Amino acid sequence: MRLHSMYLKTFSLGVQNSLEYRTNFFLNLFGAIFPILIQFFYWRAVFTSSGQQIVFGFSYNQMIAYSVLAVLMSKLIGTTFQYEIARDIKDGGLNKYLVKPIGYLSYRIFCFLGEKSVQMLVVLALSVIIMLLLNAWLDFPVNLPYILLFLCVVPSALMLNFFIYYSLSAVAFWFTEANGAFRTFALLANIAGGGLFPLDIYGPVTKAILLALPFNYVIYFPIRLLSGTLTGPEIAAGAMMQLVWIGVFAALSTLLWRQGLTKYIAVGG
Amino acid sequence: MLKTLKKYALIYKVFVKNCFIAQMEYRINFLFANTIEIAYLFIKLLYVMVAFRVGVVINGYTPDMMMMFVGSFTMMTGFYCLFFYSNFMNLSNHVRNGTLDLLITKPVSLQFIATLRNVDFGFSFTNVVAGAGMIIIAWSRMDIPVTPSRVLVFMLFIFLGIVLKYAIFLMPSLISFWTVQTAAVNQMSTAIWDMNHVPMHIYGSSVRHVGTFLFPVFVITNFPPLFVLDRLTWAHMVWFLIAPLLFLFLSRKLWNVAIRNYSSASS
């Protein structure tokens, strides 16, 4: 099989996968309504009660827009392959990939991208609709250049998140029951990335720490960019940092996987 | 009647002991269950933290009051995970794999053994302790007098809340008798439950009324602290006494209908 057709096949495998479980995906998306409702009513109450125009550096419409987009963004970049990898490692499912002419990493990347490509279209379409609604309702600024820039950084955010969780999945080589650790990590990473509240609600020290971590480049940075609150140099620096972190985690995952595979016992022969 | 109650209490005691022994065997799982819950607890605390950092009275609630509501929500989540959650999740497995057969043959009520068999300590420990802690801290910070009547009624309300929680959340799980797969339904009911992250008075009046009367999730976590704060009207108090019985009755009826749909899967 030629090289590129091999990856194309894996990619289409991911696409098929996401189309097969479409009900699940849409229900998942529908479930996003409830956290959005909580955030909406909560911030509305905070803003009307405080009587201030700006809370934590956000105006009312910016805060609502951030909350809605953050929930959607967390859905978009969310990964579940770490559980599959852990199962492959635990039950010996990894064996069949070791003898195949495709690397496990590239298999996972293309499968992931295939799966996300369909979901991305849906979520982005939804985001655009919501942004237009917010624009009509709350005067949320919609700028074409920012939307285009946003579309440029979303793939990096996706890849960064992929490598973070691919590195994490190597933990399964050392602990057979890693699911608890995965779930805890995902929850904390979402908070640290600004998937629940914007990072501006924390004190200056906490915020500085969170900005130094890679997670904010997955959710917080793209949404801030989209809302038009970042300057040109800030956008450039953010996009650079995304690439740097992708490099760091790609290296880390290679290292961890090389170490981990020496521990692999190929259960089930 | 009393004899039956005594018998069931005895059986339940055996269940609790059995579950405790089983879970202590898998200590790492117990540990991870707790770390997951600590992460969720962190999310709940963020809502309180935002209230404290803004530092204003939000829709009539001071940050201390917010802490009491979130504490009540946390504790109720803990009790739900302790007594019911794993049972409700297992129900669809029983239906799919036909393992309900085994339970049908037991000489006790099927609903009792199918919905109360497991007691989960791992996922509940953190929440019950942290929730109680938040309530106590908020209570003392607001200088609310600790009278025996107030404490007793509060505890009674917590108990009523647990009963109501059982009745309301059993119903979505029963859908598995028709659809077999209930992951999506369960996800949805959890999402609705999570709306208790903030006090009910944060929401608009239509959402509030639906959550109080139609699908009374707000009642469970909001009414006990509302009582402590002397903000519960008489009408609401009466509703809190009726609702658990009413929904228990409804869920029992639905159970009886649902069980008729059971077609033993394997044999």
Side-chain angles (χ1 to χ4, degrees), chain A residues 21 23-52 54-56 58 63 67 71 171 175-192 194-204 206-207, chain B residues 26-47 49-63 66 122-123 181-208 211 217:
Chain A
Y21 297 105
T23 327
N24 194 41
F25 172 69
F26 280 113
L27 279 172
N28 198 346
L29 211 57
F30 181 72
I33 287 178
F34 296 101
I36 289 175
L37 271 181
I38 302 175
Q39 292 277 332
F40 168 73
F41 281 111
Y42 189 57
W43 286 116
R44 198 181 67 162
V46 167
F47 272 89
T48 48
S49 301
S50 73
Q52 290 163 0
I54 305 286
V55 175
F56 298 123
F58 281 72
M63 191 59 102
S67 308
V71 173
V171 168
F175 300 101
T176 35
E177 274 309 327
N179 287 3
F182 288 171
R183 277 188 62 191
T184 312
F185 183 88
L187 285 168
L188 294 178
N190 191 42
I191 297 172
L196 187 67
F197 287 111
L199 302 184
D200 308 80
I201 64 154
Y202 304 100
T206 318
K207 189 184 167 186
Chain B
Y26 299 99
R27 279 179 294 268
I28 295 290
N29 277 358
F30 180 82
L31 209 71
F32 272 131
N34 272 302
T35 59
I36 295 172
E37 284 314 304
I38 289 172
Y40 275 116
L41 182 64
F42 203 65
I43 295 175
K44 296 186 181 94
L45 286 175
L46 279 179
Y47 282 88
M49 194 202 83
V50 167
F52 270 101
R53 281 186 62 89
V54 178
V56 292
V57 179
I58 302 170
N59 282 17
Y61 293 98
T62 63
M66 287 280 293
F123 281 103
Q181 256 306 353
T182 50
V185 179
N186 289 329
Q187 232 171 22
M188 203 70 80
S189 56
T190 307
I192 294 174
W193 171 247
D194 280 347
M195 288 186 73
N196 280 315
H197 268 102
V198 294
M200 61 192 257
H201 287 94
I202 297 284
Y203 296 104
S205 63
S206 48
V207 176
R208 205 165 60 224
V217 282

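We use all heavy atoms of the structure for the numbers below, so side chains are in, but hydrogens, waters and symmetry mates are not. So that the names make sense, note that chain A is the first sequence line, chain B the second, and so on, each numbered from 1. This structure is a prediction, so every number in the text was calculated from the model and none was measured.
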Flag side-chain contact, heavy atom, 4.5 Å: A:F56 against B:V50: yes
Name the atoms and distances for all side-chain donor-acceptor pairs under 3.5 Å in residues 194-201 of chain A, with sequence neighbours left out.
unit_1, atom_1, unit_2, atom_2, d
A:D200, OD1, A:Y220, OH, 2.8
A:D200, OD2, A:K207, NZ, 3.0
A:D200, OD2, A:Y220, OH, 3.3

Exceeds 12 heavy-atom contacts within 6.0 angstrom, atom OH of B:Y26: no
Approximate separation, where rounding is to 0.5 Å, of A:Y42 OH and B:N59 CG: 11.0 Å
B:R53 vs A:Y202 side-chain heavy atoms within contact, under 4.5 Å: no
Heavy-atom contact with chain A under 4.5 Å, split by part of B:V198: side chain
CZ (B:F30) with more than 12 external heavy atoms under 6.0 Å: yes
Test item: B:V207 and A:L37 side chains (from C-beta on) under 4.5 Å apart, heavy atoms: no
Residue part contacting chain B, namely of A:V46, when any heavy atom lies under 4.5 Å: both
Shortest non-hydrogen contact between B:I58 and A:A45, atoms and distance: CG2-CB, 3.5 Å
B:N196, part contacting chain A, at a heavy-atom distance under 4.5 Å: neither
Other residues, nucleotides, ligands: >12 heavy atoms within 6.0 Å of A:F175 CZ: no
CZ on A:F41 to CZ on B:R208, rounded to 0.5 Å: 10.0 Å
Note, A:I38 side chain near B:Y47 side chain (heavy atom, < 4.5 Å): yes
Toward chain B: residues of residues 181-188 of chain A with heavy atoms under 4.5 Å: A:A181, A:R183, A:T184, A:L187, A:L188
Part of B:A51 within contact of chain A (heavy atom distance under 4.5 Å): both
Chain A contact via B:L46 - side chain, backbone, both or neither, heavy atoms under 4.5 Å: both
